[in-house]
Amino acid sequence: MPYHLFKCSECIPEREKHAVIKGPGETLADALPLGYLNTIPGTISERGCAYCGAKHVIGTPMKDVIHMSHGPVGCTYDTWQTKRYISDNDNFQLKYTFATDMKESHIVFGAEKILKKNIIEAFKAFPDINRMTIYQTCASALIGDDINAIAAEVMEEMPGVDIFVCNSPGFGGPSQSGGHHKINIAWINQKVGTFEPEITSDYVINYVGEYNIQGDQEVMQDFFKRMGIQVLSTFTGNGTYDGLRSMHRAHLNVLECARSAEYICNELRVRYGIPRLDIDGFGFEPLSASLRKIGMFFGIQDRAEAIISEEVERWKPELDWYKERLKGKKVCLWPGGSKLWHWANCIHEEMGVEVVSVYTKFGHQGDMEKGISRCEEGALAIDDPNELEGLEAMEELQPDIIFTGKRPGEVAKKIRVPYLNAHAYHNGPWKGYEGWVRFARDVYNGIFSPIHELSLLDISKDEIPDDKGFMTQR
Ligand code: CFM
């Protein structure tokens with residue numbers, strides 16, 4: 001049986017179909033973990049909510065916008081201290097966070113008045129910013145505040161401002177993935193086609209599903225510019241509000257994170273006939289193939305080849321230095337969504353590590369299918385894991401390092417497994433050729449840093465670690 005029931009989850013037998021071991025000779029047809037379902041009651045999920053997926057993943061990387069959360073102030077928690085989607089306008093979207101600060105009295109009497117007051121106050125406080133997004137939360141959705149009406153009223157009263165309303169309360173889906181879908185569709189319905197851009201090239205793209213984590217977007221944009229391609233908009237990292245209103249004028253949608261943003265690409269194809277091309281900015285081979293594909297689409301493949309040979313020649317020796325040292329190191333690849341399949345194969349091929357486990361918090365079965373097909377035989381694949389399952393997996397698999405988020409990462413540290421931040425990165429950007437070397441360096445430092453020898457010392461006992469890191473008596 002390829003399904004795997006964790007000992008810690010024996011009391012939640014429904015969990016069995018959410019974990020699979022990729023057995024020898026088994027194909028994906030034997031079993032895939034269930035995915036994108038409501039979290040089973042009793043398991044402490046690591047997922048985010050649909051509001052988080054809409055606002056904190058996709059909405060807020062937009063850089064020239066006041067991002068207003070209509071709800072209790074706690075809903076805005078996920079901001080500059082956890083997010084690293086920087087921008088080239090001095091990080092306006094990271095530096096400030098806005099909320100209407102709903103309280104109990106607003107639940108009873110309604111919060112439309114304070115919403116309007118807050119919108120006007122925020123625009124007055126930042127006179128250079130005249131674009132706003134407003135996000136519904138569970139609290140304002142449950143009492144039925146009409147955010148659209150208030151936004152329309154303000155736009156009437158303040159000519160020159162433009163407001164987007166995102167109706168994706170926390171309960172609007174099983175995970176953040178539900179919110180991705182909602183904001184994709186809301187944006188194309190409300191805003192695409194309402195702004196006419198200046199076209200400056202024969203080759204015009206939207207760069208979609210790219211959130212500029214630690215500068216990824218800027219690295220990729222530089223490659224596109226060197227190819228003579230105009231990036232009309234980026235959905236949404238380092239992207240501008242008006243650029244994203246003009247997505248309908250691109251010749252091609254270049255899609256990076258298909259999990260979070262395939263919806264808008266598919267709609268742009270249906271409504272405006274713009275084709276979709278899926279790419280990978282991570283890893284030498286996948287990135288080179290991606291630049292080549294874009295070049296082929298526009299008939300400018302020679303420009304892509306010139307970049308590829310220059311960059312590979314410059315950075316490949318450094319990557320190989322790390323590969324030699326990382327060979328055979330065991331990795332648990334435990335991101336939120338699409339990074340499991342963006343990375344599973346190319347970290348093995350290009351950094352030499354063995355992927356002994358993949359998981360996704362909110363990926364769909366298609367993401368798992370891609371992830372499992374790209375990881376090593378014997379790997380443990382888990383959908384929507386809980387903390388205890390993560391611990392049990394680490395104890396069983398004894399990974400040398402795990403790539404995951406801050407919360408599971410801190411748990412790993414407690415059992416002295418080093419972790420890299422797969423979401424926000426350690427020393428990014430990790431996209432591009434130089435970025436991929438930087439990732440390899442972070443992995444190397446994660447595993448080999450002498451700090452781990454110290455962290456393995458338990459000063460309460462008279463013990464020292466042996467050369468494998470296990471504790472022995474002094
Ligand atoms: Fe796409 Fe993302 Fe991801 Fe995602 Fe995310 Fe993210 Fe992620 Mo954190 S959009 S699915 S909801 S690549 S925030 S930039 S790192 S879990 S694997």
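Just follow the structure's listing: the first ligand is 1, and inside any ligand the first atom is 1. Only heavy atoms go into these numbers, but all of them, side chains included; no hydrogens, no water, no symmetry mates.
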message = For atom 1 (Fe) of ligand 1, tell me which residue out of C257, S260, S177 has the closest non-hydrogen atom.
response = C257
ask   = Of the protein's non-hydrogen atoms, which lies at the shortest distance from atom 17 (S) of ligand 1, and what is that distance?
value = G337 N, 3.1 Å
query = Closer than 4.0 angstrom: is that true for some heavy atom of H56 and an atom of ligand 1?
reply = no
task = Provide the number and element of each atom of ligand 1 under 4.0 Å from a heavy atom of H180.
result = 11 (S)
ask   = Centres of the W321 and Y444 rings: under 6.0 Å?
value = yes
request  = Please list all pairs passing the side-chain hydrogen bond (donor to acceptor under 3.5 Å, both in side chains) test where one or both residues lie in residues 281-296, with sequence neighbours left out.
outcome  = S288-Y433, R292-E305
note = Closest heavy-atom pair, S373 versus K370, reported as atoms and distance to 0.1 Å, is OG-O, 3.0 Å
remark   = among protein heavy atoms, the one nearest atom 5 (Fe) of ligand 1 is F362 CZ, 4.0 Å
ask   = Which atoms of ligand 1 sit under 4.0 Å from any heavy atom of G336?
value = 16 (S), 17 (S)
inquiry  = Can you give me the closest heavy-atom contact between L291 and A304, atom names plus distance?
reply    = O-CB, 3.4 Å
ask   = Would a line drawn from the ring center of F439 to the ring center of F403 be shorter than 6.0 Å?
value = yes
request  = Answer yes or no on whether K55 is positioned over the face of Y135, meaning its NZ or CZ is under 6.0 Å from the six-membered ring centre and within 45° of the axis.
outcome  = yes
task = Check each heavy atom of S338 against ligand 1 and say whether those closer than 4.0 Å belong to the side chain, the backbone, both or neither.
result = both
task = Considering heavy atoms of the protein only, find what lies nearest to atom 14 (S) of ligand 1 and give residue, atom and distance to 0.1 Å.
result = Y211 CD1, 3.8 Å
request  = Would you mind telling me if ligand 1 is within reach of the side chain of H342, the backbone, both or neither, using heavy atoms under 4.0 Å?
outcome  = neither
query = Closest heavy-atom contact between L32 and V20?
reply = C-CG2, 4.0 Å
request  = Have a look at R47, K406, K339 and point out the one with the heavy atom closest to atom 15 (S) of ligand 1.
outcome  = K339
inquiry  = Please find the pair of heavy atoms, one from W430 and one from F282, that lie closest to each other, and give the distance.
reply    = O-CD2, 3.8 Å
key: Which residue and heavy atom of the protein sit nearest atom 7 (Fe) of ligand 1, plus the separation   = H423 ND1, 3.8 Å
